[in-house]
Asker: 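Here you go, one structure.
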Amino acid sequence: MLVLEARATQSATAAWLSPLLAMVLTALTGAVIFLAMGKTPGIALYIYFVEPLTSWSGLSEVAVKAGPLILIGIGLSLGFRAGVWNIGAEGQFIAGALLGSAPAVYFYDSVNPLILPAMLAMGVLGGMGWAAIPAFLKTRFNANEILVSLMLVYVAELLLVHLVQGPWRNPQGWGFPGTRMFPDVALLPMLFPGYRVHLGTLIAMAVPLLAWFVLTKSRFGFQVQVFGSAPLAARHAGINNHRMVWTTLLISGGLAGLAGVMEAASTIGQLMPKISPGYGFTAIIVAFLGRLHPVGVALAGTAIAVTYIGGEGAQISAGLPKAVTGLFQGIILFYLLAFDLLTRYRLVRIRRGERAA
Amino acid sequence: MTPQPLLQLQNIRKAFPGCLANDDIDLEVTPGEIHALLGENGAGKSTLVKIIYGALRPDQGQIRWRGDAVEIPNPAAARTLGIGMVFQHFSLFESMTTLENVALALPPQNLGELRVHLEQTARDYGLALQPDRHVYDLSMGERQRIEIVRCLLQNPSLLILDEPTSVLTPQETETLFATLGTLAREGRSILYISHKLEEVRMLCDRATILRGGRRVDDCIPAKETAHSLAEKMIGRRVESPPGHSASASSEIRLQVSDLSVQSDQPHGTDIAGVSFSVHAGEILGIAGIAGNGQIELMSALSGETGSPRAGSIQMLATEVSTLAPMARRRLGAVFVPEERIGQAAVSDLNLVQNSFLTSADRMGFVSHGLVDWAGVERYAGEILTRFDVKAAGTAALANSLSGGNLQKFIVGREILQQPQLLVVSQPTWGVDAGAAAAIHEQIQQLVSAGAGALVISQDLDEIFALCDRIAVISQGSLSPPRPTAKITTQEVGLLMGASREQPQEISHAGA
């Protein structure tokens, strides 16, 4: 019989090695799957993991996809460090996109350049507002934030569908669900002509630096770390429980909301029934793959973005189903969790009946 | 000719990464002998005992049982040989009854028969037990008796007890010693692990003294003095604490009036109507067995739990019962809680970060929300030098320090903040004698300089050595504090067991 035994010491190297190993094994598993599907593994893997990085347009697309993942991942990792499990970033993303898009929907012929900053601010507020619900219910009634934030995802999705099919539907849209296209002043400027990289991508790249600064230099960053790893010590040091729950949820919600409005105000340019390929959920993988560390999250967000873009390429050029992208993300999380378990525990073989009392 | 030894250890060696826990240790236990294993924390006692009980494998060396070389791969094998062990931390299920807990440890059998057997064994050895009471309801002494009976039902020839008296009242200790005497007269051997010298002198036939993983001496404790034993154990001369020079002034540093607190723990103890005061220049001691409301009192004083149900707490002339911990610290009060790891310090943070944990405001390390980490690092360095903390530097993680060094660090962190009131719980629990003496000295220096101190401790020796006045907490109530010179250990012991529903125990104590 095999049992798990806690390791006396945990190596920091192993903690960083585990996401890398997880990615390697994911690629190997992918090769086996491709083989089973009758594709040449080498070519399929190349399309998936390398091709997106071989052209400027590919890199631009990766950056565009990485933006929201990093932005949301940074917020989530802050909360996860503090032991506050916001699983509903997808809902906060949508709520941010909804509130942030309101100016563009109502002032669709505006030429005022101030509309964009207003939209970004409202996007942040929208995400925060959505995250405030689990924060309130947790601090007031000790409701589980995992369940509350997760269930609010579906509420946000339905609200979005309702708005784009009802009150916010484009009157000139031949009945298709979706708002009017946003006015030009409400769109994030592109950085290079011909590529989709936009100002929001740049903002998303700056946030990890800010988060790193907060985590290492500020008292709040220190409190986050203590609150998550030693709740009793946090209490002893006088770190306010409710304040930590509120701040971490508002920050992660706000960043998800910002990602939402930036997505609407850039690549999409309007609101549609579906505005996210599951960024809010994938960002959970990004946060853990990045070891909840700002630099790690930035790298992990980029790596996961490659699989999104590679997946699109694979659909077109290798005829692989879209589901493979989700499959890869699932496999990577599986291996990551397995390696993490093995860095904390080791497998010990014992004979039957020998189990220590 | 000496009788054939029951247990012989020869050249036992066990190394852990970075530490040689047992270095070439020999030990011999003869039948019917009470043999002490004496040593400071970290001397290698627990490692050696775990090897005997099969919980650890030696790297080298031989174990002989009744003369035959044996392998003890696991505790089950040890029990089969006839080795029983009572650990310092009990392994009992709180929500189950005494009988159920005993049944769980034994092969499946009829509960009715087991009850008869249990009561018989308990009676034979003078171990008062009530089979149907739930463990959460029982005193530490009773819990220990369950563990002992559980071992005895397996008819061991060697019983190992790890620091058995650390949770007992003096009266409970006497009862335990009587039982151990009976067991020895029956020819059973007892390996008694302790660092309490007087106990070892009273109880044990022989003693093996360990220091730094080596066997340094074998002796007959009755022929030694506590002082000579201590010197063997520590390896240098020991001096008794100097005492502090201050005398209590009329200035009150802490005034608790009619305090009632509801415990936030399941099976916790509520505090009711507790009143006392601590003056500048004095140390007030609160004695008591663990689980009688000390944790609740401590967290009410430090502000870790919400406002008390009733009563008031005044620190440095300010009503603090609704103030947060950091606000109390800013007033000039500091706190050292019972739990070192996880409460007083965070195990996977380094010493710089741990220094910052409670000193942030009082030492002015934060401005505009940003931390002056360079300043904190200097402060951490100062703690290490001033309080003689052995660590690999300020970047060492808290969990890399030994218990004694971590406690010196924590006490140092609080004392360097130059508080006017120090509240400390179990200051030297599980700490080696050298570190304990250093901690006591630091507390006394602080009080000599004019601070007031409240010491909550289960260790009566500590309470008597350190404190000017003594009060006893039992079942959440506090006895009126009395000057140390006017109260005896026996009186404190009786107060410690006061409102427990154990008449049989108190009558035993006199016998």
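Residue numbers begin at 1 in each chain, while the letters A, B, ... track the order of the sequences.
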Asker: Rounded to the nearest 0.5 Å, how far apart are CZ of A:Phe220 and CG of B:Leu370?
Answerer: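 Rounded to the nearest 0.5 Å, the CZ-CG separation comes out at 13.0 Å.
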Asker: Before you tell me yes or no, could you show the steps for B:Asp372 and A:Arg219 under salt bridge (charged side-chain N to carboxylate O under 4.0 Å, His left out), namely the whole-Å CA-CA distance, both residues' side-chain angles and the distance that decides it to 0.1 Å?
Answerer: CA-CA 9 Å; B:Asp372 169 21; A:Arg219 178 177 207 173; over 6 Å; no
Asker: For the candidates B:Thr358, B:Val346, B:Asn399, B:Asn354, which exhibits the highest count of non-hydrogen atom pairs separated by less than 4.5 Å from chain A?
Answerer: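 Looking at each option in turn, the highest pair count goes to B:Val346.
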Asker: Would you mind checking which part of B:Phe335 comes under 4.5 Å of any heavy atom in chain A, side chain (CB onward), backbone (N, CA, C, O), both or neither?
Answerer: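 B:Phe335 touches chain A through backbone and side-chain heavy atoms alike.
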Asker: Taking all non-hydrogen atoms of both residues into account, name the closest pair between A:Ala233 and B:Leu357 and its distance.
Answerer: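 Result for this residue pair: CB-CD2, 4.3 Å.
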Asker: Measure B:Leu349 against the heavy atoms of chain A and call it side chain, backbone, both or neither at under 4.5 Å.
Answerer: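 Answer is side chain: those atoms of B:Leu349 sit under 4.5 Å from chain A.
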Asker: Is the CD atom of B:Gln154 crowded by more than 12 outside heavy atoms at less than 6.0 Å?
Answerer: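 Atom CD in B:Gln154 is packed in, count exceeds 12.
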Asker: At a 4.5 Å cut-off on heavy atoms, which part of A:Gln223 comes close to chain B: side chain, backbone, both, or neither?
Answerer: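 Neither part; nothing is under 4.5 Å.
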Asker: If every non-hydrogen atom of B:Pro325 is compared with every non-hydrogen atom of A:Gly238, which pair is closest and at what distance?
Answerer: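 Scanning both residues, the minimum pair turns out to be CG-CA, 3.6 Å.
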Asker: Side chain, backbone, both or neither: which part of B:Arg329 has a non-hydrogen atom closer than 4.5 Å to chain A?
Answerer: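 B:Arg329 touches chain A through side-chain heavy atoms alone.
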Asker: Can you list the steps and then say if A:Val226 with B:Phe356 is a side-chain contact (heavy atoms from CB on, under 4.5 Å)?
Answerer: CA-CA 11 Å; A:Val226 173; B:Phe356 178 72; over 6 Å; no
Asker: Which atoms of B:Val366 come close to chain A, meaning under 4.5 Å heavy atom to heavy atom: side chain ones, backbone ones, both, or neither?
Answerer: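 For B:Val366, side-chain heavy atoms alone lie under 4.5 Å from chain A.
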Asker: Decide yes or no for A:Thr216 and B:Trp373: does some side-chain heavy atom of the first lie under 4.5 Å from some side-chain heavy atom of the second?
Answerer: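 A:Thr216 vs B:Trp373: side chains apart.
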Asker: Atom NZ of residue position A:Lys138 - does it have more than 12 heavy atoms of other residues, nucleotides or ligands inside 6.0 Å?
Answerer: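 More than 12 within 6.0 Å, yes.
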Asker: So do the side chains of B:Asp348 and A:Ser229 get within less than 4.5 Å of each other, counting heavy atoms only?
Answerer: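 The answer is yes, as the side chains (C-beta and beyond) meet within the 4.5 Å cut-off.
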Asker: Would you say the side chain of B:Glu339 lies within less than 4.5 Å of the side chain of A:His236, judging by non-hydrogen atoms?
Answerer: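 In short, these two side chains do not touch, never coming nearer than 4.5 Å.
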Asker: State, to 0.1 Å, how close B:Gln343 and A:Leu232 come at their nearest heavy-atom pair, and which atoms those are.
Answerer: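 In terms of heavy atoms, the two residues are closest at CG-O, 3.9 Å.
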Asker: Might you point out which heavy atoms bring B:Gly342 and A:Ala230 nearest each other, and give the distance in Å?
Answerer: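 What the structure gives for the nearest pair is O-CB, 3.9 Å.
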Asker: When you look at CH2 of A:Trp212, are more than 12 heavy atoms from neighbouring residues, nucleotides or ligands closer to it than 6.0 Å?
Answerer: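 No - once you tally the heavy atoms of other residues, nucleotides and ligands closer than 6.0 Å, there are 12 at most.
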